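Given the structure is predicted, the values throughout are model-derived calculations rather than measurements. Below, read A as the first sequence line, B as the second, and so on, with proteins coming before strands; counting in each chain starts at 1.
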Protein chains: 2
Amino acid sequence: MTRRNYGQYCGLAAALDVLGERWTLLIIRELLLGPRRYGELLAELPGIGTNLLADRLKFLVEHGVLRRSGATGSERGYELTELGEQLKAPILGLARWGLTMLGAPSGEELARPHWGFLAVQAMLDPSRAAGIDEAYEFHVGEADFHISIKDGHPRAVEGKFAGTPAMRATTDAATFLEIGAKQLTPFEALATGRLLLEGDTSATMRCCFLLGLAPGAAPEQAA
Amino acid sequence: MTRRNYGQYCGLAAALDVLGERWTLLIIRELLLGPRRYGELLAELPGIGTNLLADRLKFLVEHGVLRRSGATGSERGYELTELGEQLKAPILGLARWGLTMLGAPSGEELARPHWGFLAVQAMLDPSRAAGIDEAYEFHVGEADFHISIKDGHPRAVEGKFAGTPAMRATTDAATFLEIGAKQLTPFEALATGRLLLEGDTSATMRCCFLLGLAPGAAPEQAA
DNA sequence: CTGCATCCGCCTCGATACTG
DNA sequence: CAGTATCGAGGCGGATGCAG
């Protein structure tokens with residue numbers, strides 16, 4: 001009953017023995033954005049097949065990556081354990097790499113708003129936040145999130161910013177990810193009305209710089 | 001003729017469309033340690049099947065992750081492109097995570113010396129190198145590599161250290177990886193003769209600290 | 001001999017139907 | 001809603017064949 005494994009005493013091979021099968025990392029991607037119920041996962045992963053999802057979930061629970069949340073029937077679901085949360089950094093690294101592999105959206109591919117939150121976390125370069133102290137808010141489809149920079153330390157957070165952000169961007173999921181994939185510049189998206197920007201223009205430039213969407217240096221923040 | 005893909009406009013899904021199939025990341029692991037010939041890859045990846053290796057290589061070349069090296073028939077092989085090299089960080093992250101999933105070596109699993117070099121890179125924590133300026137050398141089976149710290153900046157390098165390292169460790173691949181997986185402490189390995197240490201004891205402690213094998217603080221380096 | 005391509009049995013995957 | 005059972009299709013693994 002033991003599944004197929006690589007039989008190599010190596011960290012990467014051991015990781016892939018647990019995570020390497022089809023759909024597994026995408027399930028973990030969804031759970032990185034919060035607890036999910038079985039039906040929600042099915043809806044976010046079209047094509048997975050119900051038996052496969054059940055198999056993967058059971059397997060990941062057995063290996064300590066996931067646990068069941070909410071024993072009270074009302075909020076029953078799955079969530080990452082601390083071990084599972086530790087996958088965040090490498091998964092974001094793969095997501096950033098994958099962004100460069102994305103071409104123009106083919107129309108066949110679906111884009112979910114909350115993947116924009118994942119993309120923002122992958123794109124965010126903390127080393128570019130020195131000397132900045134402000135917040136940028138994003139409305140991508142029905143998903144709201146923001147970047148808050150305190151003492152040059154940026155954090156990506158779900159939900160609206162508690163206060164007035166220096167910039168607010170409103171767009172749809174496909175446009176947001178297309179910008180992240182560098183298939184579309186923010187300027188082009190703005191010009192074609194697919195992106196709406198509010199707030200300070202220089203803050204917008206700093207935000208683009210922070211996300212690797214603009215080369216060189218960002219304009220300094222006024223005191 | 002297009003292979004199976006997830007059909008999601010998302011960075012992680014795009015990465016997995018290229019890297020997610022069986023054996024692919026292990027092929028890239030081998031190439032992270034230098035160019036390899038087809039036959040060498042076959043030998044390092046027992047069980048892969050010759051057709052699958054050829055398919056994966058062709059696919060990765062098509063997608064710009066690999067290229068053929070050495071057009072001169074004598075040194076023909078495969079090597080990572082710059083795009084492929086960018087996978088180093090997330091792959092090392094997965095390898096570090098996977099180290100914690102490794103149990104005791106089962107005897108059925110094979111351990112290659114150069115995977116120790118991968119493990120060292122995954123375990124190395126640059127934030128723990130402040131104030132240190134020395135080198136540690138490792139002999140793991142037939143593989144030689146070392147960590148060189150200059151101005152608090154550690155680097156893992158293949159080959160012997162050009163000079164006298166502050167510490168030299170000699171062991172076999174299985175023991176080295178078992179220590180990395182925390183299934184065995186350096187002390188136990190030393191006591192059972194599976195590990196040989198030469199050089200300054202306090203340097204050894206600093207090296208263990210740097211690799212996350214010792215908690216708390218490392219002893220300071222004498223001037 | 002190295003570097004693949006072909007063939008075949010098996011296991012995983014994906015879709016649908018069904019149960020608590 | 002949350003899974004389990006079933007089955008066809010296709011990817012995988014191993015052996016073998018063949019070309020440079």
Side-chain angles (χ1 to χ4, degrees), chain A residues 1-8 13 16-28 30-31 35-63 66-79 108-110, chain B residues 1-8 13 16-28 30-31 35-63 66-79 108-110:
Chain A
M1 186 48 206
T2 178
R3 7 192 117 200
R4 179 150 44 176
N5 65 321
Y6 287 111
Q8 299 186 353
L16 293 175
D17 282 341
V18 177
L19 309 171
E21 292 175 282
R22 195 160 163 77
W23 294 109
T24 301
L25 280 175
L26 294 188
I27 293 170
I28 295 174
E30 293 303 315
L31 293 172
R36 292 285 188 277
R37 311 192 39 176
Y38 180 90
E40 294 177 303
L41 290 171
L42 261 188
E44 298 290 354
L45 303 169
I48 191 181
T50 60
N51 55 348
L52 215 64
L53 178 57
D55 280 354
R56 296 288 184 268
L57 290 171
K58 193 197 302 182
F59 183 77
L60 290 172
V61 167
E62 278 170 8
H63 285 74
L66 269 49
R67 78 166 73 87
R68 310 205 58 136
S69 68
T72 76
S74 76
E75 275 293 331
R76 233 164 90 93
Y78 295 90
E79 64 185 1
E108 301 299 315
E109 296 167 312
L110 66 104
Chain B
M1 186 47 207
T2 177
R3 13 190 113 200
R4 184 168 359 186
N5 65 321
Y6 287 110
Q8 300 185 353
L16 293 175
D17 281 340
V18 177
L19 309 171
E21 290 174 284
R22 195 162 162 76
W23 294 109
T24 301
L25 280 175
L26 293 187
I27 293 170
I28 295 174
E30 293 304 314
L31 294 172
R36 293 285 188 275
R37 310 189 43 170
Y38 179 89
E40 294 176 304
L41 290 171
L42 261 189
E44 298 290 352
L45 303 169
I48 190 177
T50 59
N51 56 346
L52 215 64
L53 177 57
D55 280 354
R56 295 288 183 269
L57 290 170
K58 193 197 299 181
F59 183 77
L60 290 173
V61 167
E62 279 170 7
H63 285 73
L66 269 49
R67 79 166 73 86
R68 310 208 57 140
S69 68
T72 76
S74 76
E75 275 295 330
R76 233 164 90 92
Y78 296 89
E79 64 186 0
E108 300 300 316
E109 297 168 312
L110 66 104

B:Leu41 CG to C:dC4 P, straight-line distance once rounded to whole Å: 10 Å
Kindly point out which of D:dA5, D:dC12, D:dC1 is positioned nearest to the side chain of B:Leu52? D:dC12
Are the charged groups of A:Arg67 and A:Glu79 less than 4.0 angstrom apart, N to O? yes
Can a donor-acceptor pair be found, under 3.5 Å and without considering hydrogens, that links the side chain of B:Arg56 to the backbone of B:Arg22? yes
Let me know the distance between CG of B:Asn51 and P of C:dC8, rounded to the nearest Å. 14 Å
Rounding to an integer number of Å, can you tell me how far B:Leu45 CG sits from C:dG3 C1'? 16 Å
A:Tyr78 (side chain) donor-acceptor with A:Val61 (main chain) under 3.5 angstrom: no
Looking only at side-chain atoms of B:Glu21, point me to the closest of C:dA15, C:dC13, D:dC12. D:dC12
Whole-Å gap separating P (C:dT12) and NZ (A:Lys58): 14 Å
Output the rounded distance in Å from CZ (B:Phe59) to P (C:dC4). 17 Å
Rounded distance in Å - CD1 (A:Ile48) to C1' (C:dA15): 13 Å
Report yes if a donor N or O on one partner sits less than 3.5 Å from an acceptor N or O on the other, where the partners are the side chain of B:Thr50 and the base of C:dA5; otherwise report no. yes
Is there a side-chain contact (heavy atoms from CB on, under 4.5 Å) between B:Tyr38 and B:Thr50? Walk through the geometry before answering. CA-CA 9 Å; B:Tyr38 179 89; B:Thr50 59; 3.5 Å; yes
Can you tell me how far P of C:dT12 sits from CH2 of B:Trp23, to the nearest Å? 15 Å
Roughly how many Å is it from CZ in A:Arg76 to P in D:dA2, rounded to a whole number? 8 Å
Determine whether a donor-acceptor pair (N or O, by modelled atom type, separation under 3.5 Å) exists between the side chain of A:Glu40 and the backbone of A:Arg37. yes
When you measure from the side chain of B:Arg37, which nucleotide among D:dC12, D:dT4, C:dT2 comes out closest? C:dT2
Respond yes when some side-chain nitrogen or oxygen of B:Arg3 is under 4.0 Å from OP1 or OP2 of D:dG10, and no when none is. no
Phosphate oxygens OP1/OP2 of C:dG3: is one of them under 4.0 Å from a side-chain N or O of B:Tyr78? no
Of the nucleotides D:dC12, D:dC1, D:dG11, which one has an atom closest to the side chain of B:Arg56? D:dC12
Quick check for you: among D:dG11, C:dT16, C:dT12, whose closest atom lies nearest to any side-chain atom of B:Arg4? D:dG11
Candidate nucleotides D:dG11, C:dA5, D:dC1, ranked by approach to the side chain of B:Ala54 - the nearest: C:dA5
